[in-house]
Amino acid sequence: MNYRLAYLSEAWVNWCPQMGTVLANEEVKDGVSERGGYPVERKLMPQWSLRIMAYANRLLNDLDNIEWSESIKEAQRNWIGKSEGSSLRFGVSGMEFSIEVFTTRPDTIFGVTFLTLAPESELVPQFTTSENKKAVDEYVHYAKNRSERERQSDVKKVTGQFTGAYAIHPFTGEKLPIWIGDYVLAGYGTGAVMGVPAHDMRDFSFAKHFGLQIKKVIQPNSPSPLEKGQGDEAGCFDGKEGKCINSDFLNGLEVKDALKKIISEIEKRGLGKGKTQFRLRDAIFGRQRYWGEPIPIYYENGIPKAVEEKHLPLELPQIDKYLPTENGEPPLARAKNWCYRPDVGICSPSLVERGLGGEVELTTMPGWAGSSWYYLRYMDPHNKNEFAGKDAMNYWKDVDLYIGGAEHATGHLLYVRFWAKLLYDLGLIPVVEPAKKLINQGMIQGVSSIAYCFIRASGGDSYPTNLLPRVFLSKGIAKRFSNNTPSAADIGLVDAVRKKINLQIQKTHPNSTITLDLIIPIHVDINLVKEEVMPVGEFKKLNEEYGNAEYILEEDKFYCESIVEKMSKSKLNVVTPDDICTNFGADTLRLYEMFLGPLEQSKPWSTAGITGVSGFLNKFWRLFHVETKISNIELREEFKVSEEEPTKPELKILHKTIKKIQQDIENYSFNTSVSSFMIATNDLQGLKCNKRAILEPLVILLSPFAPHIAEELWGEGKLGHKDSITYATFPVYNEAFTADDSFAYPISFNGKMRFNLELSLSLSPAEIEKEVLANPQSIKFLEGKQPQKVIVVPKRIVNIVV
RNA sequence: GCGGGCGUGGCGGAAUUGGUAGACGUGCCAGACUUAGGAUCUGGUGCCGUAAGGCAUGGGGGUUCAAGUCCCUCCGCCCGUACCA
């Protein structure tokens, strides 16, 4: 608060009535809450916000200095949404005040034919003429009550209303009608735009819809972009490659030159100024829920004041219910003692006197408050005085590698950068970026089972909807209904069910009839479904609410659809790794997950192939043991490792593996590591190698991948070490052991590989060429022709062009 | 619309700076040891063809001695975002 980083203001917020809380922009998806999927509406509320916009430029520019995935960087760039342009004031005809707009294309100023304001704009009532008042009020009411979801789902629908007032063109003095329209957002820029229909798609569709004038002021340099536009888009050119026309003193200028000239002209005439606008909004910091850090602010005579440091941290008070109060206050309003006096600390309301203390803030911090800085605490977790000491922070500095989900691109991952900068500015941490490198790990997805059923309702004297039986449809039938191509048989089946239900409900509600219309998907527990077939009996048993449901089958079976999506409890598609741990061990699970593919890739969980990894670990184990057959069914296993000197081929296998694993770890390419371990094990098994000098380094290499088996082989009773393998030093790669003295050259003719030829690596390219051409096989493939050119790449390939 | 990513056998996926496409694993086929095999081991397995050979990295075109890799173009899939003036 003291640094003007946090402030209290009336702000339009995403209010979610069902959850009783405000949500951040990124917590809202498609007009509903990301968690729970409840509707969200826009509401003006006093809110604590953090001034992240003050950091917009730095958050944008510093992206160039960090090794984060391009997709995350790009998402953040878009979210910050920097655009450069100019502010510009339009006078209102017959009124004292003016309307300010922000535009990135002031060069099109002579093409302005109207202004549009957001319906929420406070200016609207001030200039609306009396004859338009009723229509405007109606429109504003309509627009405000149109949920975000509707607003977003039909972007194409053009709505708006003329206010009756006119603005004055600052250069030509023309009268421009002032409209309101919900394509203009209240929260961006000034909530008002200048309409240039000839050169902006949105203005264009608005103008076309309401029959407003369209005035062309940019002549495209190449005619194609204009002609390309088809149907509704024809006639609008929003590109920047063109020259100004019909534009007074701008005529003949290229757009980019016109931009400079018009901005200086606007500034000279005092109509506005060059300006940079960001899409990023300040971050709303209050949440109307219980679980969150309390905000250390109290209100003395209505003035917010900070709780003194000696009283920090505030702890959440006990309350009876974690729900908002009846009159809509946050849950903290239920606390009995939630007042503060600077001399006492948290206290009961009775201790608050006039001018001394007051109620403590009732909202709590959002989830990202803690996630934005907790990593700093890890550097010095036992420090009692500060979140982390200077020495610790100078030692650890930033996070070397952050592995996290891509879904936090514009939430947590932007805020954590913001906080780092903020703490750096306050001199509290030594770095401006929290993490040098970031990798998005892929998600293991689940395969969900979907059963389709009708949304049911009843007409007539309305049988209660929740008591109406559900009607489930087997996959094929549901698909045909969804595509509007049900067969006669399908319709017959549904009608039969409809009649049956009607008979049943009409016993109590004689005029009621069921309507079956839309089909919705319902997740079914995947443990129930085998090969897309759902046993209806068991399903009914497990789900009471579907006990009286009707099931329309195909070939006497109820089929579900399988879809791949995020693995999640709510989707009933969770596979626990417990069975795999029990049957194969935790090492196998760990190794298998690595072996599935690149770290960044998401893929559905499938255990096909897990036996390969398990088999590898068994094979690796057997390198250290001899098995003696006691009887037909019993084997005795005995640890046996030889102290003999390793041979050249054995050392070669080891050192090739060391090199590969080292590279793979540096590249986070764990799937290929697993395969090189398999290769090494197969090769050593082939050589029947059980030498300590080879196996011991190999166990160390394997230990980060399969820690349990490695630790066991390393310890007493096996390789006999006292300390944990964790402390063993990583083997050193020695090139001498892997060097070859010959290479099997692939010999190709016109780029097609024909045969291999083993040649010494000491040969010069000319000697290689000679050897190759003299080879009987080459002669065969040359078919008596003269080679035009021979390309020799040492240790790679020989290509003969014929 | 815009932005990011991706497309290779039946499947998961390998392939340094352009240099033997399909490593490794599954699956499948055959065999060995077995009362048995969901254990273990051996061999085979991209497609067409008896073979020689030909064709193959989403489709088409280009650069190159040589292209999964580079360039152009089209198609498809996934993720993010959405009236930002």
Side-chain angles (χ1 to χ4, degrees), chain A residues 26 29-30 69-75 77-79 81-83 85 101-105 108 116 151-152 154-158 181-185 187-196 199-203 205-206 233 238 277-281 406-407 409-410 440 442-443 564 583 592 595-598 600-604 606-616 618-619 622 627 629 632-633 635 663 667 669 671-679 682 685 744-756 787-793 795-802:
Chain A
E26 56 282 347
K29 283 228 162 86
D30 302 326
S69 65
E70 204 44 48
S71 64
I72 294 238
K73 286 192 189 185
E74 208 48 44
R77 285 188 193 110
N78 291 339
W79 194 260
K82 181 176 182 170
S83 48
V101 303
F102 171 74
T103 175
T104 54
R105 295 293 302 275
T108 61
T116 314
R151 238 171 124 154
Q152 285 178 6
D154 43 55
V155 170
K156 292 224 171 74
K157 187 167 168 189
V158 179
D182 71 353
Y183 80 98
V184 179
L185 304 179
Y188 184 76
T190 58
V193 302
M194 59 182 215
V196 188
H199 304 289
D200 181 283
M201 267 316 300
R202 295 151 304 179
D203 296 339
S205 17
F206 195 75
E233 293 176 19
D238 56 9
Q277 192 66 240
F278 292 95
R279 201 191 84 119
L280 182 73
R281 321 281 170 82
E407 66 272 26
T410 53
N440 296 130
M443 267 187 299
V564 171
N583 297 332
Y592 183 60
F595 191 55
L596 275 175
E600 282 103 327
Q601 241 169 61
S602 289
K603 51 177 53 77
S606 147
T607 50
I610 195 155
T611 51
V613 173
S614 160
F616 152 69
N618 288 332
K619 208 183 269 189
R622 281 198 301 272
E627 285 174 346
K629 209 172 179 183
N632 265 349
I633 45 166
L635 276 178
Q663 276 176 357
N667 295 323
S669 172
N671 54 326
T672 51
S673 295
V674 177
S675 102
S676 15
F677 281 124
M678 290 173 170
I679 295 169
N682 289 343
Q685 184 190 251
Y745 278 92
I747 312 299
S748 48
F749 291 77
N750 292 332
K752 275 194 169 49
M753 209 283 280
R754 295 302 179 180
F755 62 95
N756 282 101
Q788 278 179 9
K789 198 174 173 187
V790 179
I791 289 124
V792 176
V793 183
K795 231 194 153 178
R796 282 252 186 273
I797 202 168
V798 176
N799 191 18
I800 299 161
V801 186
V802 187

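Below, read A as the first sequence line, B as the second, and so on, with proteins coming before strands; counting in each chain starts at 1. What you see below is based on every heavy atom in this structure, not just the backbone, and it leaves out hydrogens, waters and symmetry mates.
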Per-nt protein contacts along nucleotides 1-6 of chain B (heavy atom under 4.0 Å; B base, S backbone sugar-phosphate only, - none) come out as --SS--
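- The pairing partner recorded for G80(B) is C2(B), the criterion being a Watson-Crick or G-U wobble arrangement whose two distances lie under 3.5 angstrom.
- Comparing atom distances between the N671(A) side chain and each of C55(B), A14(B), A85(B) picks out A14(B) as nearest.
- Comparing the same atom, C1', in A56(B) and in G49(B) gives a spacing of 15 Å after rounding to whole Å.
- The aromatic rings of Y183(A) and F206(A) lie tilted to each other, with the angle between the two planes from 30° to 60°.
- Nucleotide A15(B) forms no Watson-Crick or G-U wobble pair with any nucleotide shown, as no partner meets the under 3.5 Å limit on both distances.
- Between D203(A) and G195(A), the closest heavy-atom pair is OD2-CA, 3.5 Å.
- Heavy-atom nearest nucleotides on RNA chain B were determined for Q277(A) and for S748(A), and the one closer to the 5' end corresponds to S748(A).
- Pair assignment for U20(B) gives none, since no Watson-Crick or G-U wobble pairing has each distance under 3.5 Å.
- A gap of 14 Å separates the C1' atoms of U63(B) and U69(B), to the nearest Å.
- Taking atom C1' in both C2(B) and C71(B), the straight-line distance is 24 Å, to the nearest Å.
- Toward the 5′ end of RNA chain B lies the nearest nucleotide of R754(A), the other residue of the pair A192(A) and R754(A) mapping further downstream.
- Of all nucleotides listed (G12(B), G27(B), A85(B)), G27(B) comes nearest to the side chain of T611(A).
- Remark: G7(B) base-pairs with C75(B). Criterion, Watson-Crick or G-U wobble with two distances under 3.5 Å.
- Using a 4.0 Å heavy-atom distance criterion, K73(A) is classed as making no nucleic acid contact.
- For the residue pair N799(A) and K789(A), no side-chain donor N or O sits within less than 3.5 Å of a side-chain acceptor on the partner.
- For U42(B) and U57(B), the C1' atoms lie 31 Å apart once the distance is rounded to whole Å.
- Under the Watson-Crick or G-U wobble criterion, with both distances below 3.5 Å, A51(B) is left unpaired in every strand shown.
- Picking from U81(B), A85(B), U20(B) the nucleotide with the shortest atom distance to the side chain of W79(A) gives U81(B).
- The separation of C47(B) from C28(B), taken at their P atoms, amounts to 16 Å, rounded to a whole angstrom.
- Distance check on atom P: U73(B) versus G46(B) gives 36 Å, rounded to whole Å.
- When each of U40(B), C83(B), U26(B) is scored by its nearest atom to the side-chain atoms of R622(A), the top-ranked nucleotide is U40(B).
- Using the Watson-Crick or G-U wobble rule with both distances under 3.5 Å, A67(B) pairs with nothing in any strand shown.
- Nucleotide G46(B) is shown with an anti base, its glycosidic torsion being more than 90° from 0.
- When the P atom is used for both A66(B) and U50(B), the distance is 32 Å, rounded to whole Å.
- Checking G19(B), A21(B), A15(B) against the side-chain heavy atoms of V793(A) singles out G19(B) as nearest.
- In this structure, G43(B) and C29(B) make a Watson-Crick or G-U wobble pair, each of the two defining distances being under 3.5 angstrom.
- Residue contacts shown for R77(A) are absent, as no nucleic acid heavy atom lies under 4.0 Å away.
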Contact state string [nucleotides 62-71 of chain B, B base, S sugar-phosphate only, - no protein heavy atom under 4.0 Å]
---BS-----
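- Between N440(A) and S69(A) the shortest heavy-atom distance is OD1-OG, 2.9 Å.
- The side chain of D182(A) lies closest to C83(B) when the candidates are A85(B), A14(B), C83(B).
- Distance from the side chain of K603(A) is smallest for G12(B) among the nucleotides U20(B), C24(B), G12(B).
- Here E627(A) lies out of heavy-atom contact (under 4.0 Å) with every strand.
- Contact annotation for N682(A): backbone-only contact, meaning every heavy-atom pair under 4.0 Å involves sugar-phosphate atoms and none involves a base.
- Considering only side-chain atoms of F595(A), the nucleotide from C41(B), C24(B), A85(B) that sits closest is C24(B).
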